[in-house]
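What follows is a set of notes on a single structure, which appears directly below.
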Number of protein chains: 2
Amino acid sequence: MASALSDALAKHNIVIDHVTSMADAREAADMRSYDAILLDRQLTDGEGLKLIPELRAGNIDSPIIVLTAHNDHEGRIRGLDLGADDYMGKPFVVEELIARLRAVLRRPTLLSSDVISVGRLAFDASHMEPSLDGKPLILPRRELLVLAALMKRNGRTVTREALANAVYSFDVEIQSNSLDAHVSRLRKKLMNLNAGVAIHTIRGIGYLLKVAE
Amino acid sequence: MASALSDALAKHNIVIDHVTSMADAREAADMRSYDAILLDRQLTDGEGLKLIPELRAGNIDSPIIVLTAHNDHEGRIRGLDLGADDYMGKPFVVEELIARLRAVLRRPTLLSSDVISVGRLAFDASHMEPSLDGKPLILPRRELLVLAALMKRNGRTVTREALANAVYSFDVEIQSNSLDAHVSRLRKKLMNLNAGVAIHTIRGIGYLLKVAE
DNA sequence: TTCTCCGTAATGTTCCCGCAATGTTGAAGC
DNA sequence: GCTTCAACATTGCGGGAACATTACGGAGAA
């Protein structure tokens with residue numbers, strides 16, 4: 001079975017390491033990093049499913065597809081809950097296995113998130129969430145918006161007008177120096193927190209966020 | 001079929017938005033962010049598979065599980081290659097669907113293990129089961145969903161809107177502060193249980209779960 | 001029935017934010 | 001240098017919006 005499968009996969013330019021025992025599987029998984037693992041339930045030295053938690057515990061998070069003759073629901077559920085990514089009962093069509101392999105490999109390894117870092121400060125733009133040394137930083141809304149605008153243009157100056165647009169929606173009309181007030185309060189907090197960044201003033205133009213010297 | 005499925009999933013504390021046409025599906029997927037998408041091939045206005053490339057092109061990368069009566073291999077392969085993550089032929093056992101859902105959801109939530117821990121609280125994300133000091137914690141459905149959303153983003157803020165999406169399907173219309181009420185009740189319980197965690201509110205933004213200092 | 005849960009609404013509380021008063025800085029001109 | 005003025009900084013305050021809390025009644029499940 002395995003050699004027939006190897007041939008079929010080889011035709012699709014997939015490179016395989018084939019082992020027959022749990023011991024060998026463990027060792028191989030430890031030594032190398034695989035794009036995916038095909039796991040048969042019947043191994044020479046035991047039940048293949050038992051391998052899954054072991055591998056996961058060992059920080060091996062390659063996708064695992066379980067191949068089995070026992071195509072019963074309980075087994076499938078058990079396998080999936082143990083940490084398998086997919087399950088195929090024999091007999092199966094090789095083309096489908098390949099399709100499932102592709103599906104499993106396609107999954108994004110990491111969630112892309114746009115995080116901006118300045119000094120010890122970080123800012124997750126998609127969640128509007130600042131953090132200092134990894135710990136979340138809780139800020140009032142307006143100050144948060146100020147910080148967001150400054151960090152998005154890290155190191156470059158932000159026009160006073162641009163800042164106002166970022167902080168206030170178009171309809172609200174501001175007729176005081178409340179923007180300055182927010183900048184001031186934010187500045188004070190960054191000082192007290194010793195955040196390692198400072199808000200500089202460009203007279204007549206706007207503001208600018210820089211790592212403290 | 002769909003309503004039976006909804007009921008079954010609801011029993012597992014999974015919140016569902018159910019639509020019947022491709023147009024509605026497109027809109028829903030655009031408007032909200034889903035943990036997973038169950039896609040039937042027979043929709044009122046066309047072939048469900050066609051939706052997959054559209055969604056993927058629209059930067060929607062929620063895992064997609066295709067449900068279908070045509071349990072033929074060609075269809076499965078096509079679906080998987082179009083960008084689906086899994087494929088189930090009808091008739092199917094609901095438990096297996098849930099297991100596959102769990103398998104598919106396991107990836108993005110956390111890399112190493114399925115249980116999230118904050119303070120003395122733990123949460124098994126794939127089974128929606130919270131526990132305190134190892135002992136299971138029984139919570140009403142809505143409070144459970146609130147806690148789940150907060151713990152999945154452990155330490156980071158959860159938008160008010162995101163929280164509402166996690167707790168309510170979009171067909172239920174909420175016109176009161178019931179969400180606040182649930183947060184309040186959950187907070188009280190966590191207090192009384194001395195769980196070592198606290199729900200902070202970020203005015204104008206949302207909430208955040210943190211270990212009590 | 002009885003019990004739990006949930007949405008609603010009334011009521012209480014917090015704290016953000018715009019405002020304004022006052023202080024500080026810095027560039028320009030002599 | 002000194003003066004002057006405008007731009008900016010800082011801080012307290014009051015109103016009000018956002019949030020918290022709790023009781024109540026209906027609905028559904030045991």
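What you see is a predicted model; the values in this text were computed from it and never measured. Numbered from 1 within each chain, the chains take letters A, B, ... in sequence-line order. Scope of the values below: all heavy atoms of this structure, side chains included, with no hydrogens, waters or symmetry mates.
The rotation axes computed at either terminus of the helix from C/dT1-D/dA30 to C/dC30-D/dG1 lie 40° apart, taking five pairs at each end and rounding to 10 degrees.
Per the geometry, CD1 belonging to A/Ile199 stands 13 Å off C1' belonging to D/dC8, to the nearest Å. Distance CD1 (B/Ile205) to C1' (D/dA18): 12 Å, rounded to an integer number of Å. Distance CD (A/Glu143) to P (C/dC16): 8 Å, rounded to an integer number of Å. Separating the NE2 atom of A/His182 from the C1' atom of C/dC15 is a distance of 13 Å, rounded to the nearest angstrom.
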Under 3.5 Å between N/O atoms: give me all the protein pairs with nucleotides 11-17 of chain D, atom names plus distance.
residue : atom : partner  : partner atom : Å
D/dT11  : OP2  : A/Lys188 : NZ           : 3.4

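Judged as a salt bridge (Lys or Arg N to Asp or Glu O under 4.0 Å), and not counting sequence neighbours, the contacts of B/Asp40 are B/Lys90. Partners of B/Val167 under the side chain to side chain contact (heavy atoms under 4.5 Å, CB included) rule, at least two apart in sequence or in another chain, are B/Arg142, B/Leu145, B/Val146, B/Leu179. Residues forming a side chain to side chain donor-acceptor pair (under 3.5 Å) with B/Asp133 (at least two apart in sequence, or on another chain): B/Arg120.
The pair A/Glu96-A/Arg100 meets the salt-bridge criterion, since a charged nitrogen lies less than 4.0 angstrom from a carboxylate oxygen. One finds a salt bridge joining B/Asp85 and B/Arg56 here, because a Lys/Arg side-chain nitrogen approaches an Asp/Glu carboxylate oxygen to under 4.0 Å.
Heavy atoms of other residues, nucleotides or ligands lying less than 6.0 angstrom from CD of B/Glu161 number 12 at most.
Side-chain proximity of B/Pro140 to C/dC5, C/dG7, C/dC17: nearest is C/dC5.
For residues 179-204 of chain A, every residue pair satisfying the salt bridge (Lys or Arg N to Asp or Glu O under 4.0 Å) rule, not counting sequence neighbours, is listed here: A/Glu143-A/Lys189, A/Arg160-A/Asp180.
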